[in-house]
Structure formats: C-alpha cells, structure tokens
Amino acid sequence: GSKFSYDPYHRNDVQLGVGFIWDIDFGTKDQSFQEAQLELNLLKHEEQFAKNNLPLLFSKAFAEYEELFNRSLLLQKAYKDSKKYFNKTASGIALGLTPAKDIIESYLLKADVYKSYLEAVYLLELKKAELASIVGQSI
C-alpha cells in the first residue's frame, strides 16, 4: 500500500480483451488445393505408367546385357587367338620364315582386339549398373 513501492505482479486490476480475425482468402486456398490435387493425379498416372512399363524396361535391359555378355566372351576368345597369332608371327620372324613387317600387323590386330574387349567389358558393367537401378538391388 505504499506510494513508493511498485509491484506489477500483484495488481488488483482486471483486464479484458476482445479480438477479431478477418481472413481474406480470394480463392488462394482453393487454388492451392486444386494444384495439390492435380499433382496427386499426375503422380498416380506416373506410378501406373511405371508399373506397366517396368517389366518391358527390364526385359529390354536384360536382353542388351545378354548381348554384351556374349560379345565380351567372343572378344575374349578373339584376344586369345590374336595373342597366338602374334606369338606365331614372332616365332616365324625369329626363324626367318616370315617378313618382319608382319609383326606390326599382328601386334596392331592384338591391340585392337584387346581395346574392343575392354570396351565390351566396360559397357557390360554399365548395363549391369542399369539393371541394378531398375531392380533396386545390387546385382
């Protein structure tokens, strides 16, 4: 009760407040809802498209994988044959039976076949990674 003391937490005054909220929409909520609905419909159609085309995509990628696998096997055999040809040519030159220019051709053939084999193995690994991404698991 002193004039010189101030206690803001123990007052006896009563306060009352009244407020109004005025929500001006202008159709933005409806537009946002319609956009979300359109996006949901689009996602449903994309999901259906993916479910229908996933087996086709997998079978195509697997056929390409088989083709690349067979090609790598054939090139591996061709590389072994080109090594044999190179060794025979080198032996023939050492014995004096073949001209020396043939060793360049046999070496270039061996190098070209080996380059093709490495490219086939690289493409095979890429196709394996594509198959893994389609399936969703490591292969």
Side-chain angles (χ1 to χ4, degrees):
S2 170
K3 296 180 189 180
F4 300 106
S5 67
Y6 174 70
D7 189 10
Y9 300 106
H10 297 97
R11 292 190 290 176
N12 293 330
D13 299 337
V14 175
Q15 295 178 353
L16 180 67
V18 177
F20 295 100
I21 297 176
W22 187 13
D23 189 12
I24 302 175
D25 186 11
F26 295 119
T28 56
K29 288 182 183 176
D30 291 335
Q31 183 180 1
S32 298
F33 179 74
Q34 289 174 356
E35 287 176 1
Q37 190 70 30
L38 285 173
E39 187 174 347
L40 177 67
N41 290 339
L42 179 66
L43 288 174
K44 285 182 180 178
H45 287 295
E46 287 178 354
E47 179 186 20
Q48 189 64 32
F49 181 77
K51 283 182 179 177
N52 291 339
N53 290 326
L54 189 61
L56 179 66
L57 184 65
F58 178 77
S59 63
K60 178 183 176 233
F62 189 73
E64 291 172 356
Y65 175 80
E66 284 182 326
E67 178 184 341
L68 286 170
F69 183 75
N70 292 335
R71 180 176 178 194
S72 68
L73 289 178
L74 289 174
L75 284 170
Q76 186 177 18
K77 184 182 179 313
Y79 177 67
K80 288 179 183 177
D81 291 343
S82 68
K83 276 175 64 176
K84 288 178 186 175
Y85 175 65
F86 176 72
N87 290 335
K88 286 179 184 178
T89 305
S91 299
I93 290 171
L95 294 174
L97 300 174
T98 55
K101 66 176 182 161
D102 289 349
I103 196 152
I104 295 172
E105 292 175 5
S106 64
Y107 185 76
L108 288 176
L109 175 70
K110 179 182 151 194
D112 189 39
V113 169
Y114 188 64
K115 179 187 78 86
S116 298
Y117 170 69
L118 289 179
E119 286 176 353
V121 169
Y122 174 72
L123 291 175
L124 184 68
E125 291 298 317
L126 284 179
K127 193 53 69 174
K128 190 188 291 186
E130 182 182 341
L131 279 171
S133 71
I134 289 172
V135 173
Q137 292 182 351
S138 178
I139 295 178

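These figures come from a predicted structure and were not determined experimentally. Note that the numbering runs from 1 along the sequence shown for the chain.
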**Study point:** Of all pairs that satisfy ring-ring contact (aromatic ring centres under 6.0 Å, His included), the ones with a partner from residues 82-105, not counting sequence neighbours
**Key:** Phe86-Tyr107

Looking at [atom1] of [X] and [atom2] of [Y], how far apart are the two atoms once the value is rounded to the nearest 0.5 Å?
X      : Y      : atom1 : atom2 : answer
Asp102 : Leu109 : CG    : CG    : 12.0 Å
His45  : Leu40  : NE2   : CG    : 9.5 Å
Ile104 : Thr89  : CD1   : OG1   : 11.5 Å
Lys88  : Ser106 : NZ    : OG    : 12.0 Å

Check your understanding: Can you name the residues that form a side-chain contact (heavy atoms from CB on, under 4.5 Å) with Tyr114, not counting sequence neighbours?
Key -> Tyr79, Tyr117, Leu118

Quick check: do [X] and [Y] have side-chain heavy atoms less than 4.5 Å from each other?
X      : Y      : result
Lys44  : Gln48  : no
Lys127 : Leu123 : no
Glu39  : Leu42  : no
Leu38  : Gln34  : no

Exercise for review: Tell me, please, which residues at least two apart from Phe69 pass ring pair (Phe, Tyr, Trp, His ring centres under 6.0 Å).
Suggested key: none

Verify same cluster id: [X], [Y] (apolar side-chain graph, 4.5 Å):
X      : Y      : result
Val121 : Leu73  : no
Val135 : Leu57  : yes
Leu126 : Ile134 : yes

What's the shortest heavy-atom distance between [X] and [Y], and which atoms?
X      : Y      : value
Leu124 : Ser72  : CD2-OG, 4.1 Å
Phe62  : Leu131 : N-CD2, 3.8 Å
Ile103 : Ile93  : CB-CD1, 3.3 Å

Point to revise | Other residues, nucleotides, ligands: >12 heavy atoms within 6.0 Å of Glu119 CD | key: yes

Check your understanding: Could Lys60 and Glu64 be called an ion pair, given the rule that one side-chain N must be under 4.0 Å from one carboxylate O?
Key -> yes

**Study point:** Basic-acidic side-chain contact under 4.0 Å: Glu125, Lys128
**Key:** yes

